[in-house]
There are 2 protein chains.
Amino acid sequence: MQPTLNDVAREAGVSSITVSRYFNSPDSVREATRVKVEAAIEKVGYVRNMIAGSLASASSRVIPVIVPSLSNVVFIDVIKGLQDEFEAHGYQLLLGKTDYDLARETQLIRTFLGWSAAGLVVTGLRHDDATRQILENWNQPIVEIMELGEGLDLNVGMDHVAAGRAMTEHLLARGYRTIHFAGAELDRDYRAAMRYAGHREALAAAGIEDAPLLDLPVRQQMTSGAQALERIKATFPDCDAIHFANDDMACGAILAAARLGVRIPDDIAIAGFNGLPIGEHVTPRLTTIVSPREQIGRMAARKLLARINGEPVGELSHDLGFTLRVGGST
Amino acid sequence: MQPTLNDVAREAGVSSITVSRYFNSPDSVREATRVKVEAAIEKVGYVRNMIAGSLASASSRVIPVIVPSLSNVVFIDVIKGLQDEFEAHGYQLLLGKTDYDLARETQLIRTFLGWSAAGLVVTGLRHDDATRQILENWNQPIVEIMELGEGLDLNVGMDHVAAGRAMTEHLLARGYRTIHFAGAELDRDYRAAMRYAGHREALAAAGIEDAPLLDLPVRQQMTSGAQALERIKATFPDCDAIHFANDDMACGAILAAARLGVRIPDDIAIAGFNGLPIGEHVTPRLTTIVSPREQIGRMAARKLLARINGEPVGELSHDLGFTLRVGGST
DNA sequence: TCGCTTAATGTTAGCGCTAACATGTTAGCG
DNA sequence: CGCTAACATGTTAGCGCTAACATTAAGCGA
């Protein structure tokens, strides 16, 4: 049996609430008492029972994080940012994955609320009615991450429409005119679809109404990219640029180009999205939009913790922006 | 205030323990009762309080997973495997990261034990004395993952020495004789150091006593790989193969080779480790060892869950092996 | 030294659930 | 129809901690 607060208290010759205070508000115990308590903790080998504490205080230092996928580097970086901040402040990250299924999201949230979570991080602004209803009645802070807009509570992300527009404006400025957009399962990856919307806006603003889209079934992203290049080259010989939904696909295309004898950017320009390291290592270097992934995680965690601690959080919606990184591929 | 079991019980006209049984051993409540309880749950909008349940039963459906890093794809794949299995069985994954610091590991484990965890997944077989002592006195199942050997309890992984040996044997079989090993911070990444040990064994078996090592400080893995190639090419012109500690470095080198005018494998052969997708997209394709990352996670979870449920787990130590994937780079 | 304020510690009750035991209820049999 | 076994449900107590209030000790100026 693990020793309890009472065991420590007996050993230290104080009451259990004093030991509890030693942990929860150390400033409220006298130096002499602190020393006694510390010695007792050491002696009996006490480990805090977080479960009991959470039950009594009706709040646990647990923060569920709900992401759609773990196969995607994007979310890994976000989780890293979140984890770093949470760990530094004594909070635990509880990981949930929806596989892009909104019903699954509802189910996960239900379960997580049963953990008396101190807050919640959830991906995206699109939710079930059920989820929305649960969360609206929940009075702990929530951060919706990745994109921007009218949300449930706090919101940290970037503007995907603007990112898509920025890239296409860049391509137009370089003189490309027949620009295809290539993605993988855009109905699922609706943030990529938002970038495609921005892409269309930029084309329309330049008087180009036709915005051809190649939406492939996702298998392995780099493979899809290679396939997209091949298919577009074969079917649309006058296409002069491909705006990919992400760097994996774009790099897959660049690497395939060498094998296919396609010159980049002379025969066709390639653009990506995310700013992954690999983009800097392919030849030519990939033109991409650097998304602030880890930063989103970090900022989301900070805002959430601030709200939990009753500190000011500033703007409810926080735009972390993006950077266009121009390589040789466009 | 959230509704409790009592609210459901009152609504259904049964006692609270019956509702508890509805959740924990559904087979022990009558069909008619089940229907009443379900209706009541729906009506009051009940959400289980896992905290209270865990306190009362002295065990929570939480499994802490301790990894050294989240920057490394390897662990992401492992986490994915674990997460999938846990989620399917109603267990929650609590994520901890040590940054390769054994003292941090001890601290994390201490905290996690306070969660009355049902089990524990921890990376590697090397631990603090403090960690070892805590875990030896803990009577819940533990899985140590990634490598093989004499462990605390269960163990799922692969033989890194054998993997290093296998790759170098392949290189020797191809006729390469002056083979350098290149890694990044091998003291920290001691599993890579084990592969280097296997590499040395293979060389020694072939009568080659000299096993040159380039151990770079880690920055970005692909960059380190490129740098390693450049440095070895400049300093050791007779080196005919580089055995890299991982695929990121190896691919960094392959991609840099094109820029540096180094022909692979004619001027120099390149080998990696992990079997990441990118290795299949570079030209020439990377020769590498495919590590069973997601499988390790999956199997670790299965064994742990089996042990938790009192089912047979089979062998304590489970070797998931590896595959040599030969590409054009060697 | 006294009386007062503030700091430090203690007492009591209860968070929401489940283990363990107790009781009631049903089905099956002679 | 009564008896028993097996099943279904209920009662009680308590998991280990903390909130809220109660009490005691310490500090300090006059």
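Chain A is the first sequence line, chain B the second, and so forth, proteins listed ahead of strands; every chain is numbered from 1. Computed from a predicted structure; not experimentally measured.
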Enquirer: Specify the separation, in whole Å, of atom CG of A:N6 and atom P of D:dC17.
Expert: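 That distance rounds to 8 Å.
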Enquirer: Rounded to the nearest angstrom, tell me the gap between atom CG in A:D7 and atom C1' in D:dC15.
Expert: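 That distance rounds to 14 Å.
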Enquirer: What is the separation between atom CZ on A:R21 and atom P on C:dT11, rounded to the nearest whole Å?
Expert: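 A:R21 atom CZ is separated from C:dT11 atom P by 11 Å.
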Enquirer: May I ask you to verify if any side-chain N or O of B:Y22 is less than 4.0 angstrom from the OP1 or OP2 atom of C:dC17?
Expert: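 The answer is no; no side-chain N or O of B:Y22 sits under 4.0 Å from OP1 or OP2.
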Enquirer: Does any N or O in the side chain of B:S54 come within less than 3.5 Å of the main-chain N or O of B:M50, such that one atom is a donor and the other an acceptor?
Expert: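 Side chain of B:S54 to backbone of B:M50, a donor-acceptor pair under 3.5 Å: yes, one is there.
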Enquirer: Under the side-chain hydrogen bond (donor to acceptor under 3.5 Å, both in side chains) rule, what pairs show up with a residue in residues 131-140 of chain B, not counting sequence neighbours?
Expert: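 Applying side-chain hydrogen bond (donor to acceptor under 3.5 Å, both in side chains) to every pair that reaches into residues 131-140 of chain B, excluding sequence neighbours, yields B:T106-B:T131.
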Enquirer: What's B:S15 touching, base or sugar-phosphate or nothing? Going by heavy atoms closer than 4.0 Å.
Expert: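 Base contact.
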Enquirer: For A:N24 and for B:D27, find the nucleotide of DNA chain D with the closest heavy atom, then tell me which residue's nucleotide is more 5'.
Expert: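 Closest to the 5' end, via its nearest nucleotide, is B:D27.
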Enquirer: Is A:R126 positioned over the aromatic face of A:Y190, cation under 6.0 angstrom from the ring centre and no more than 45 degrees off axis?
Expert: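 Output yes; distance and angle both within limits.
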Enquirer: How close or far is atom C1' of D:dC17 from atom CH2 of B:W115, stated in whole angstroms?
Expert: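 Answer to the nearest Å: 13 Å.
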Enquirer: Rounded to whole Å, please give me the gap between CD1 in A:I51 and C1' in D:dC17.
Expert: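 Spelled out: CD1 on A:I51 to C1' on D:dC17 is 12 Å.
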Enquirer: Looking only at side-chain N and O atoms, does A:T4 come under 4.0 Å of OP1 or OP2 in D:dG16?
Expert: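 No, A:T4 has no side-chain N/O under 4.0 Å of OP1/OP2 on D:dG16.
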Enquirer: Distance check needed: C:dT9 C1' versus A:E31 CD, whole Å only.
Expert: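 From A:E31 CD to C:dT9 C1': 16 Å.
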Enquirer: Return the value, rounded to whole Å, for the distance between atom CG of B:N49 and atom P of C:dT18.
Expert: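 Between P of C:dT18 and CG of B:N49: 9 Å.
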Enquirer: Answer yes or no: does a side-chain N or O of A:S20 lie under 4.0 Å from OP1 or OP2 of D:dT18?
Expert: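 Answer is yes, contact under 4.0 Å.
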Enquirer: Compare side-chain N and O positions of A:S57 against OP1 and OP2 of C:dC15 and report whether any pair is under 4.0 Å apart.
Expert: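 For C:dC15, neither OP1 nor OP2 has a side-chain N or O of A:S57 closer than 4.0 Å.
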Enquirer: Specify the separation, in whole Å, of atom CG of B:L5 and atom P of D:dC15.
Expert: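 It is 19 Å, rounded to the nearest whole Å.
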Enquirer: D:dA25 pairs with which nucleotide, Watson-Crick or G-U wobble, both distances below 3.5 Å?
Expert: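 C:dT6 is the nucleotide pairing with D:dA25.
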Enquirer: Do A:Y91 and A:E85 get their side chains close enough for a donor-acceptor pair, meaning under 3.5 Å?
Expert: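 A:E85 and A:Y91 do not have a side-chain donor-acceptor pair below 3.5 Å.
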Enquirer: Under the 3.5 angstrom rule, does the side chain of A:E144 hit a backbone N or O of A:V122 as a donor-acceptor pair?
Expert: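 Not a single qualifying donor-acceptor pair exists.
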Enquirer: Within the structure, does a side-chain N or O atom of B:R48 lie under 4.0 Å from either OP1 or OP2 of C:dT18?
Expert: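 Yes, within the criterion.
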Enquirer: Compare the minimum distances between each of D:dT18, C:dA8, D:dA8 and the side chain of A:T33, then state the nucleotide with the smallest one.
Expert: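 Nearest listed nucleotide: C:dA8.
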Enquirer: According to the Watson-Crick and G-U wobble definitions, with both distances under 3.5 Å, which nucleotide is paired to C:dG30?
Expert: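 Across all strands, the one nucleotide that pairs with C:dG30 is D:dC1.
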Enquirer: Contact class for B:F23 vs. all strands (heavy atom < 4.0 Å): base, sugar-phosphate, or nothing?
Expert: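 B:F23: no heavy atom of the nucleic acid under 4.0 Å.
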Enquirer: Please pick, from D:dG10, C:dG16, C:dG10, the nucleotide with the shortest atom-to-atom distance to any side-chain atom of B:V14.
Expert: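 When the side chain of B:V14 is considered, D:dG10 is the closest of D:dG10, C:dG16, C:dG10.
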Enquirer: Would one find a side-chain N or O of A:S16 under 4.0 angstrom from OP1 or OP2 of C:dG10?
Expert: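 The answer is no; no side-chain N or O of A:S16 sits under 4.0 Å from OP1 or OP2.
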Enquirer: Is a donor on one side and an acceptor on the other found under 3.5 Å between the side chain of A:N24 and the backbone of A:S20?
Expert: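 Yes: the side chain of A:N24 pairs with the backbone of A:S20.
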Enquirer: Within less than 4.0 Å of OP1 or OP2 of D:dT9, is there a side-chain N or O belonging to B:R30?
Expert: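 It does, given that an N or O in the side chain of B:R30 lies less than 4.0 Å from OP1 or OP2 of D:dT9.
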Enquirer: Considering Watson-Crick and G-U wobble pairs with both distances under 3.5 Å, what does C:dA13 pair with?
Expert: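 Its partner is D:dT18.
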